*Asks:* 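Quick one: the structure is below, and I'll ask about it shortly.
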Amino acid sequence: MPDLAPTESECSTSEDAAAYDAWFRAKVERAMKSDTPSIPHAEVMAMAQAIIDKHKRR
């Protein structure tokens, strides 16, 4: 299969893109079926902001 242009995909080939797509879809499917409690949006955003703030100080 031909190589993909960077504007089309970050993957080098169509095979790589298909493999990534399959992996990602399986990961999302597992997450949707999981019984693990979800994390509230505000808590996730606070965690992300803490990471951003940590790296800004460097």
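No hydrogens, no waters, no symmetry mates; every other heavy atom, side chains included, goes into these values. Please read these numbers as outputs of a predicted model, since none were measured by experiment.
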*Asks:* May I ask you to list the residues sharing a hydrophobic cluster with Val44, side-chain cutoff 4.5 Å, ordered by chain and number?
*Replies:*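 Its cluster mates, by chain and number, are Ile39.
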
*Asks:* Please write out which residues are connected to Tyr20 in a hydrophobic cluster, directly or through intermediates, given that two of Ile, Leu, Val, Met, Phe, Trp, Tyr count as joined at side-chain heavy-atom separations below 4.5 angstrom.
*Replies:* Trp23, Phe24, Val28, Met32

*Asks:* Counting only heavy atoms not in His55, do more than 12 fall under 6.0 Å of its NE2?
*Replies:* yes

*Asks:* Atom CD1 of Ile52 and atom CE of Met45: how far apart are they, to the nearest 0.5 Å?
*Replies:* 7.5 Å

